Amino acid sequence: MTKFIVKRVLTMIPVLLGVSLLVFVILSLAPGDPAVIIAGDYAEESILEQTREDLGLNQPLLVQWFNYVKDIVTKGDFGVSWRTGKGVTAEILDRFPTTLLVALLGAFFTAVLGIGTGIISAVRQYSIWDNLATVIGMVGVSMPNFFTGLLLVFVFAQRLKILPASGNEGWEYYVLPIITIAFSSCASQMRMTRSSMLEVMRQDYIRTARAKGQSERKVVLHHQLKNAMIPIITVIGQQFGILLGGSMIVEQIFSLPGVGKLMMDSINYRDYPMVRASLLLLAFGFCVVNLLVDIAYAVVDPRIRSQFAKSKKKKAKEEAA
Amino acid sequence: MTGFKDFFRRLCKNRLTVVCLILFVLIVLAVIFADFIAPYGWDDQNIRDRYLAPSAEHLCGTDNYGRDIFSRILYGGRMSLEIGLISAVVTTVIGAVIGATSAYFGGKFDNVVMRVLDVFMAMPPILLAIAIAATLGTGMLNTMLAVIIAGIPMKARVARGPVLALRNQEFVEAATASNSSTAKIIFKHIIPNIMAPLIVQTTLSISSSIVSVAGLSFLGLGVQPPEPEWGAMLSAGRSYLRDYPWMVIAPGIAMLLTLFSLNIVGDGVRDALDPKLRD
């Protein structure tokens, strides 16, 4: 198991390098001369040249990328903001907890509510609850999160006046953002849980469990849910990526000072080092979640674990031969 | 055309699917014939009629420039559906070609292509789209391009699986033996065989493309005002939400109805094409 995790972590390194290169290349294609953005529209050519020299913008793109990655790895330095002239790292780390909190709580509610309603739907298939959950789920999947967010602001902040619409002075400021972000994810989670549970329900081992007089509760939770877990975990991972992406929109609507809002503001100021660092951080978060999902597969499914063990044995045999 | 008839019969087995199919067709027709249905133009400003609540004259009210929101929703729908359809088809086609080619050749080539796709897929699609949109700049074409590029890796992955299974089948061997070119084998023999999953992918991704484009427009990175794209309309109505909520709610509901019917029809198409569910 430890070996599996170590191996999986190591495969993340080339992917992250690739992501940093991708982000680097995409943003370097942006129009506008960085030196002009930093020094101002009316700066003299000598000053522009000096700026380029200072920032290493005269070097080939690959060399710039290499230096960028080197600084991140050795010094944890994500570069200097073109707008403020200060280090990017501190600003981003300052914003990161907000985004992480919203995404984690969103993922938590998604998992609990989505899986919970999904189980009820599957166990009481075609009941009124199932039909209700299915329709709400379909609406949830079809509702763009910016529309959900605006509707919530309108109803709870502007008409009922029970929750604040923007800012972050306390826990109540996080309620609407989290509902917004969790609503559609919850719906996808529910749909996946339901169909996955229904697929397992027809299996022979469920009939066996019932035949030997197992309590219904145990049949559902131990035999059915455990075997339905793989697609459910996959969706948790996917939804987390969507939550991270959605943070951009939610933070914009509710003026939460997270990485997403920072990134949008930086795009408007054309402060690309800041954009680059925010993108990398969010992509890094997504990679970590995917890693956790892969580990979770092995934890819940002994078949996957044994597959890995087998491949190890096979390798040993090949080496011996 | 018995195949199509059979498909259609199975599609119509579910009542909700039929209702949503009709709803979607109606929306498409309304949007196509917007020129005849819309009571006003999408950019007809009338300063005297600003902020009017919905009434018989203005079905969805008017906005801060006195423009009729119902007309704007119709024209905006044309834009959203066009963008959604084109990007879904283009994404799936390019993705399928990449995935099929990569799987067909296999070996090192496949390995390299897949590792590159891994890198693309290590970023949530919407983040990738935002990065590309920020670089390309705003406007309908650039936004579509951003959504298409961000969507291709996933589609390539989906197309690759079935092709891996197909490439060792006898008909491919027969085609190779009869001296067909590689391009001909891929386009004439392999792609038609993975048509069912591709059609399902396209239908399901129309709605996600519409949402992505609307999301980018909402953030100010996509279609720009005064163009009546739905996401841009929601974004523009945001500041007037407290007093003139119809500026947000009307386009939002239009979007919800469209996406809802599209998703249900997409699910129906998937089930109707699924050989496992064939009776």
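Note that the coordinates shown come from a computational prediction; the quantities given were computed from them, not determined experimentally. Hydrogens, waters and symmetry mates play no part in the numbers below; they use all other heavy atoms, side chains included. Quick note on labels: first sequence line is chain A, next is B, and so on, each numbered from 1.
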- Checked B:Val211, B:Leu219, B:Ile210 vs chain A; the most non-hydrogen pairs under 4.5 Å come from B:Leu219
- Side chains of A:Val293 and A:Thr234 in contact at under 4.5 Å (non-hydrogen atoms): no
- Note on the structure: Bottom line for A:Ile267: the part with an atom under 4.5 Å from chain B's heavy atoms is side chain
- Task: Answer with side chain, backbone, both or neither: which region of A:Tyr272 has an atom nearer than 4.5 Å to a non-hydrogen atom of chain B?
- Result: side chain
- At a heavy-atom separation under 4.5 Å, does B:Ile264 approach chain A through its side chain, its backbone, both, or neither? both
- Note on the structure: Of A:Thr134, A:Asp130, A:Thr193, A:Asn131, the one forming a side chain to side chain donor-acceptor pair (under 3.5 Å) with A:Ser121 is A:Asp130
- Query: Checking heavy atoms, do the side chain of A:Leu29, its backbone, both or neither come under 4.5 Å from chain B?
  - Reply: both
- How about A:Thr99 and A:Lys261: do any of their side-chain heavy atoms sit closer than 4.5 Å? no
- Query: What part of A:Leu27 is in contact with chain B, defined as an atom under 4.5 angstrom from a non-hydrogen atom: side chain, backbone, both or neither?
  - Reply: both
- Task: Select, from B:Asp118, B:Ile130, B:Leu257, the one with the greatest count of heavy-atom pairs under 4.5 Å involving chain A.
- Result: B:Ile130
- Hey, are A:Asn145 and A:Ser184 close enough side-chain-wise for a donor-acceptor pair under 3.5 Å? no
- Query: Per the side-chain contact (heavy atoms from CB on, under 4.5 Å) rule, which among B:Lys155, B:Met144, B:Met154 passes with B:Thr91?
  - Reply: B:Lys155
- Counting heavy-atom pairs under 4.5 Å with chain B, the top scorer among A:Thr148, A:Val23, A:Val139, A:Leu16 is A:Val139
- Can you say whether A:Met138 sits under 4.5 Å from chain B via the side chain, the backbone, both, or neither, judging by heavy atoms? both
- Query: Is it the side chain or the backbone of B:Ile126 that comes within 4.5 Å of chain A heavy atoms, both, or neither?
  - Reply: side chain
- Item | Closest-packed option against chain A by number of heavy-atom pairs under 4.5 Å, given B:Ser207, B:Gly220, B:Gly215 | B:Gly215
- Task: Report the C-alpha distance between A:Met12 and A:Cys287 in whole Å, list the side-chain angles of each, state the deciding distance to 0.1 Å, and finish with yes or no for side-chain contact (heavy atoms from CB on, under 4.5 Å).
- Result: CA-CA 7 Å; A:Met12 252 173 80; A:Cys287 285; 4.0 Å; yes
- Sort A:Met263 into side chain, backbone, both or neither according to what part of it lies under 4.5 angstrom from a heavy atom of chain B. side chain
- Donor-acceptor side-chain pairing of B:Thr62 and B:Tyr244 below 3.5 angstrom: no
- Note on the structure: Comparing B:Arg238, B:Arg115, B:Met255 against chain A, the one with the most heavy-atom pairs below 4.5 Å turns out to be B:Arg238
- Measure distances from B:Phe260 to the heavy atoms of chain A and classify the residue's part below 4.5 Å as side chain, backbone, both or neither. both
- Query: At a heavy-atom separation under 4.5 Å, does A:Arg159 approach chain B through its side chain, its backbone, both, or neither?
  - Reply: side chain
- Message: I want to know whether A:Phe24 and A:Tyr68 have ring centres closer than 6.0 Å.
- Response: yes
- Query: Do B:Thr143 and B:Leu221 have side-chain heavy atoms sitting under 4.5 Å apart?
  - Reply: no
- Message: With a 4.5 Å cut-off on side-chain heavy atoms, are B:Leu127 and A:Leu244 touching?
- Response: no
- Item | Which portion of A:Val141 sits near chain B, non-hydrogen atoms under 4.5 angstrom | both
- Message: Just so I know, are the side chains of A:Ile253 and A:Leu152 near enough to count as touching, which here means a heavy-atom distance under 4.5 Å?
- Response: no
- Query: Considering only heavy atoms, which portion of A:Leu17 lies under 4.5 Å from any heavy atom of chain B: side chain, backbone, both, or neither?
  - Reply: neither
